[in-house]
Amino acid sequence: MFQFSFMLNALFGALLSGLSLAIFAPYVTLRRISYMGEALSHIAFAGIAIAILLGLSLTFTTMVFVVIISLIIGWLSRRHKLHEANTISIFLSVSMALGIILISISKNYSFDLASYLFGNVLLITGPEIVSLIVLNVINLIFVTVFYKELFYLTYNEEMARVFRIRIAPVSQLFLVLLAANIVINLKSAGIILVTAQLILPAVIAFNFVHSLHRAIVVSAIVAVLSAIIGFALSFNLNLPTGATIVLFEAFIYFISINFRGKQNA
Amino acid sequence: MIQISNLQYSIGGKSILENINLEIPDGQFVAIIGPNGAGKSTLIKLLLGIWQMQEGFISIDGIKQSEWLKANVFGYLPQHEEYDRSFPATALDIALMGLAGKLALAKRFKDHHKQAAMAALEQTGVANLAKRLIGNLSGGEFPRVLLARAIVGDSRYIILDEPEASLDRPAVESFFALLKTLNEAGHTIITVSHDLNILSHYCSFLVCLNRTLHCHNHTELVSSEIIHNTFGESVRIIEKDY
């Protein structure tokens with residue numbers, strides 16, 4: 001099936017995309033911020049619309065937009081003691097509305113909503129593969145170098161502050177990197193797959209292991225296996241790739257529930 | 001020494017603390033008492049810098065609180081620790097948290113940090129549980145792990161918010177005995193408490209708070225009249241038999 005180079009690109013794309021999100025997934029699920037993945041990928045919609053309207057670089061503009069909005073959400077919630085979930089929901093709807101209005105203004109562009117929802121890994125290009133590789137390297141460095149800070153930030157942010165753990169820069173960087181991961185993966189994976197990949201590999205991992213570093217490793221293995229098997233299945237059965245990967249991961253999840261309960265670190 | 005001057009705090013227009021002026025000398029075993037809603041936890045959270053001050057001034061060791069906090073850390077035991085029972089941390093991980101602030105950004109724990117954390121768990125009587133996940137600790141074991149976290153950093157000030165709330169009587173006794181040992185070793189202990197009976201055995205300094213400060217003095221100078229003023233007329237001091 002690799003007689004076409006785009007197929008090879010697509011497989012690498014699916015693999016790297018799953019891997020990048022899987023490294024963040026344990027933190028996202030433990031911090032109970034899985035809604036952030038969904039929200040930020042929706043917020044990206046307005047960023048995409050702005051890029052199209054102004055003829056700017058799609059990925060870069062969207063990333064800057066999502067990062068700015070996520071920082072504003074954090075700041076507004078702290079400043080006015082709002083529930084972050086509420087602030088995020090407001091920005092999600094506002095961004096979607098803004099996106100739709102901007103898309104309708106730029107009449108010469110026919111926007112494909114389905115590809116935005118599910119992505120299309122077959123359209124991935126060489127330079128995008130390179131940016132996914134770079135992203136994975138940055139992710140790995142980030143979670144390795146700041147393991148201690150991320151661990152306690154995830155455990156309890158307020159207590160981490162009381163014990164003077166330097167979580168502020170790590171917390172901001174986490175948000176920025178999360179946004180970058182979501183935006184860069186959006187084209188190949190789409191909203192649905194991005195959201196799924198930020199949850200499923202981690203919840204599967206925590207059914208088998210009970211320490212954070214092992215969970216990151218298992219989450220990454222799950223994502224890579226799902227990408228390869230999901231890709232092969234979708235090719236042989238002629239199904240959409242992203243959706244097949246999600247279904248395969250969900251299948252592993254339901255099997256993994258039976259392995260829960262061994263509570264040793 | 002901790003000095004608090006003209007501290008005021010309100011939430012949503014409702015005054016929680018009014019005109020608090022308080023001086024806590026070094027080496028004291030301080031109890032903050034008062035009825036529910038008296039502002040005890042608020043006072044502690046302001047002291048720790050968890051909440052931002054609205055009005056007033058706090059200095060620690062003669063330095064402005066915000067400056068002091070840049071180079072120092074309080075040992076703190078919260079009333080309720082918000083945590084996810086499925087979080088993959090062991091008791092040792094939580095004890096080590098008390099040392100994490102002493103390490104530079106991105107630096108890893110060394111063996112001597114782990115030994116210090118184990119020693120703290122030993123002191124609080126839960127060293128045998130070091131490898132256990134926090135979700136598998138009992139309601140009496142977890143506070144001891146949190147106390148280990150509070151003392152492991154060897155802070156000059158150890159602040160506790162109702163440590164007796166989640167412990168049974170024998171555990172409270174050994175808890176306070178340990179605090180007394182730490183106090184004798186030179187640590188200033190500041191604890192919020194409802195248990196006047198146990199405090200009378202251990203405390204050297206009493207702070208009676210009910211939105212305003214009713215007294216702050218050495219225990220022998222506190223009369224039952226002051227206690228009544230703090231808690232209102234309905235209070236009765238009883239010998240509780242456990």
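Residue numbering restarts at 1 for every chain, and letters A, B, ... go by the order of the sequence lines.
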Contact between B:Leu137 and B:Arg132 at the side-chain level, heavy atoms closer than 4.5 Å - yes or no? yes

Donor-acceptor contact present, side-chain B:Asn19 to main-chain B:Asn6, <3.5 Å: no

Between B:Ser155 (side chain only) and B:Ile158 (backbone N and O only), is there a donor and an acceptor less than 3.5 Å apart? no

Option that, when pairs with chain A are counted at under 4.5 Å, heavy atom only, ranks first among B:Leu99, B:Leu103, B:Asn72: B:Leu103

Among B:Tyr83, B:Tyr76, B:Phe87, which residue has the highest count of heavy-atom pairs closer than 4.5 Å to chain A? B:Phe87

Name the member of A:Arg32, A:Met159, A:Glu158 that forms the most heavy-atom pairs with chain B at distances under 4.5 Å. A:Met159

Among A:Val170, A:Ile167, A:Thr154, A:Leu150, which residue forms the greatest number of heavy-atom pairs with chain B at distances under 4.5 Å?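 Option with the greatest count: A:Thr154.
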
Non-hydrogen atoms of chain B under 4.5 Å away: do they reach the side chain of [X], the backbone, both or neither?
{"X": "A:Arg166", "result": "both"}
{"X": "A:Phe206", "result": "side chain"}
{"X": "A:Ala160", "result": "both"}

Under a 4.5 Å heavy-atom cut-off, does chain A meet the side chain of [X], its backbone, both or neither?
{"X": "B:Asp93", "result": "both"}
{"X": "B:Ile50", "result": "side chain"}
{"X": "B:Phe74", "result": "backbone"}

Using 30° and 60° as the class limits, which term best fits the ring planes of A:Phe24 and A:Phe142: parallel, tilted or perpendicular? parallel

In plain terms, say whether [X] and [Y] are close enough for a salt bridge, that is, a side-chain N and a carboxylate O under 4.0 Å apart.
{"X": "B:Glu67", "Y": "B:Lys70", "value": "yes"}
{"X": "B:Lys40", "Y": "B:Asp161", "value": "no"}
{"X": "B:Glu81", "Y": "B:Arg149", "value": "yes"}

